[in-house]
Amino acid sequence: SDVCSSDLLLLLMLITALMAGCGQKKVTGDMTVQSYMPDNAVIAHRGTIYWAPELTEAAFRWARNTGADYMELDVHRTKDSVLVIMHDKSFKRTTDVADRFPGREDDPVSSFTWEEIMQLDAGSAFNAKNPERARESFKGLDVLVFEDVFRIAEGKKIKRDEDGNRLVSRDDSGTYHFEYEPDPADNGHRPGIYIEVKISEQYPGIEEQIYDELTRMGWNPLEGEEIRADIPFWSGDRVNVGNTRGKILVQTFSRDGMMNLKRVFDGKVLASFLKGNPKSNEFAREEVTDEIIAFAKECGAQFIGTNLGDENDGLSPAFAGKIHAAGLKANIYSINTVEQMEKYFGPGQGRKASPLADGMITNRTDLTVDFYHERKVRSYGTEATPNEILTDLGYAE
């Protein structure tokens, strides 16, 4: 009939569009890669934005010692091609750039050299905005480079001189070499790293640069000796994700970025397609969720990352059901309260639970670790209060 022909034509058009989207003739994503991430993963959003200045050494050392399974970071690139950790397009919100470089506070990260960025204070703005959680030792915290977070995950910290300045050298090719040392406060947790690529269109080739950096640092699961499948996510009461096949995840909001990640990593590492708008969550309308899910699968993602909401929910039961029916999983951001965890986990415990979210991207690793422990999907909780952990790490009040 004409109706059937019309329906068939629409279906063929959708399939053709999806095939073109990632430049593939067939779906090549290996969904067994999905098993590389533990269920009910605790993903430390920017380390923490609650207990310490986001994306700083203090935030990531705290997240590691608190027991996060993954530490989430946002990566940009400087004018001189150094990968740096920053969430926003500029340094305005989280640093003293307006004082250090008057008139450049709204300039993009990519317009600064790394040596200029070294001059910024990434801790004092947190103290001013959060006086009840401020610490004197947060003043002067550095903007981090990509490598820093991986070395922190390994149990190290930035090596500094007696004045607190980080030790770094530069070779004849202009490449910086950063120094690290064992962290005396390291408690043995070994988290993985959750990499968000920012503004792929602004940074041509950044995905390849990330791949090469991961290889150089010994963090690329696709290079070197193959990682055994039987390495556990937890070793006793210590996180061990950073030693497994699931040690990294790559993600982006950008469709072009997803295509780049598919091309570079070939669907063989954990990947997530991020969607969400806290104000509207328009993307979660039923008529577009099917296309989002199909695009994510076509581009080799095993996860969809979506934001929590109140009236406009980024992970409704209907959307979660579609994600799971398609063989994908959902990680939700950004958790701040136990009430939010209860909403997306549901009433069950242990294996009887049927959560909407398969993992939580959280600003409060302390709360989320303990929540999962209480719900009997994690064998241990936190060992100290957030403030005790910061003090043990040497951050004086």
### Message
Going by the rule salt bridge (Lys or Arg N to Asp or Glu O under 4.0 Å), which residues pair with Arg378 if we only count those two or more places apart in sequence or in a different chain?
### Response
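Result, salt bridge (Lys or Arg N to Asp or Glu O under 4.0 Å) vs Arg378: Asp69.
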For the atom pair [atom1] ([X]) and [atom2] ([Y]), what is the distance rounded to the nearest 0.5 Å?
| X | Y | atom1 | atom2 | value |
| --- | --- | --- | --- | --- |
| Ser334 | Ile361 | OG | CD1 | 7.0 Å |
| Asn260 | Tyr211 | CG | OH | 15.0 Å |
| Met86 | Arg46 | CE | CZ | 10.5 Å |
| Asn331 | Tyr70 | CG | OH | 9.0 Å |
| Ile117 | Asp80 | CD1 | CG | 7.5 Å |
| Met37 | Ile248 | CE | CD1 | 10.5 Å |

### Task
Tell me, please, whether Tyr50 has Arg364 positioned over its six-membered ring: NZ or CZ under 6.0 Å from the ring centre and within 45 degrees of its axis?
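Positive - Arg364 is close enough to the ring of Tyr50 and near enough to its axis.
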### Message
Assess the residue pair Ser173 and Asp171 against the criterion (side-chain hydrogen bond (donor to acceptor under 3.5 Å, both in side chains)); give the C-alpha distance rounded to whole Å, side-chain angles, the decisive distance to 0.1 Å, and a yes or no.
### Response
CA-CA 5 Å; Ser173 71; Asp171 63 26; 2.6 Å; yes
In this structure, would [X] and [Y] fall into the same cluster of hydrophobic residues linked by side-chain contacts under 4.5 Å?
| X | Y | value |
| --- | --- | --- |
| Ile49 | Phe91 | no |
| Ile332 | Phe273 | yes |
| Val143 | Phe138 | no |
| Val33 | Ile227 | no |
| Ile231 | Leu270 | no |

For [X] against [Y], the heavy-atom pair lying closest together:
| X | Y | value |
| --- | --- | --- |
| Phe295 | Met258 | CE2-CB, 4.0 Å |
| Ala271 | Gly300 | CB-O, 4.1 Å |
| Leu315 | Leu356 | CD2-O, 3.6 Å |
| Gly314 | Thr306 | O-OG1, 2.7 Å |
| Gly246 | Val241 | O-CG1, 3.8 Å |

### Query
Do the rings of Phe150 and Trp219 sit parallel, tilted or perpendicular, given the 30° and 60° boundaries?
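If you compare the ring of Phe150 with that of Trp219, the planes turn out perpendicular.
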Exam field: side chain [X] to backbone [Y], donor-acceptor pair closer than 3.5 Å:
| X | Y | result |
| --- | --- | --- |
| Asp161 | Asp163 | yes |
| Arg170 | His177 | no |
| Glu213 | Ile210 | no |
| His189 | Val239 | yes |
| Ser272 | Leu274 | no |
| Asn220 | Leu222 | yes |

### Query
For the salt bridge (charged side-chain N to carboxylate O under 4.0 Å, His left out) test, which of Glu57, Glu179, Glu181 pairs with Arg160?
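Exactly one candidate clears the test, Glu57.
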### Query
Could you walk me through whether Arg61 and Tyr395 pass the side-chain hydrogen bond (donor to acceptor under 3.5 Å, both in side chains) check?
CA-CA 11 Å; Arg61 291 176 71 210; Tyr395 297 104; 2.9 Å; yes
### Message
I'd like to know whether NZ of Lys376 has more than 12 heavy-atom contacts from other residues, nucleotides or ligands below 6.0 angstrom.
### Response
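Open: at most 12 neighbouring heavy atoms sit under 6.0 Å from NZ of Lys376.
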### Message
A quick test of your reading: do over 12 heavy atoms of other residues, nucleotides or ligands sit less than 6.0 Å from NZ of Lys322?
### Response
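Atom NZ in Lys322 is packed in, count exceeds 12.
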### Task
Classify the side-chain pair Tyr380/His373 by whether it contains a donor and acceptor separated by less than 3.5 Å.
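No pair is found: no donor N or O on one side chain lies under 3.5 Å from an acceptor on the other.
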### Query
Between Phe126 and Trp51, does the ring centroid distance fall short of 6.0 Å?
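Centroid separation for Phe126 and Trp51: 6.0 Å or greater.
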### Task
Tell me whether the centres of the aromatic rings in Tyr333 and His45 are closer together than 6.0 Å.
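No, the ring of Tyr333 stays outside the 6.0 Å limit from the ring of His45, centre to centre.
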Side-chain heavy atoms of [X] within contact of [Y], under 4.5 Å:
| X | Y | result |
| --- | --- | --- |
| Trp114 | Val168 | yes |
| Ser111 | Lys79 | no |
| His87 | Glu196 | no |
| Asp107 | Ser90 | no |

### Message
Please enumerate all residues that pass side chain to side chain contact (heavy atoms under 4.5 Å, CB included) together with Glu116, with sequence neighbours excluded.
### Response
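Only Phe101, Arg104, Phe112, Thr113 meet the side chain to side chain contact (heavy atoms under 4.5 Å, CB included) criterion with Glu116.
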### Task
Decide yes or no on side-chain hydrogen bond (donor to acceptor under 3.5 Å, both in side chains) for Asp121 and Ser124, but give the supporting numbers first.
CA-CA 6 Å; Asp121 175 348; Ser124 293; 2.5 Å; yes
### Query
Would Ser110 and Gln202 satisfy side-chain hydrogen bond (donor to acceptor under 3.5 Å, both in side chains), going step by step from the backbone distance to the final call?
CA-CA 9 Å; Ser110 59; Gln202 185 178 332; 2.7 Å; yes
### Task
Give a yes or no on whether a salt bridge exists between Asp148 and Arg166, defined as a side-chain N under 4.0 angstrom from a carboxylate O.
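Looking at Asp148 and Arg166, the cut-off is met.
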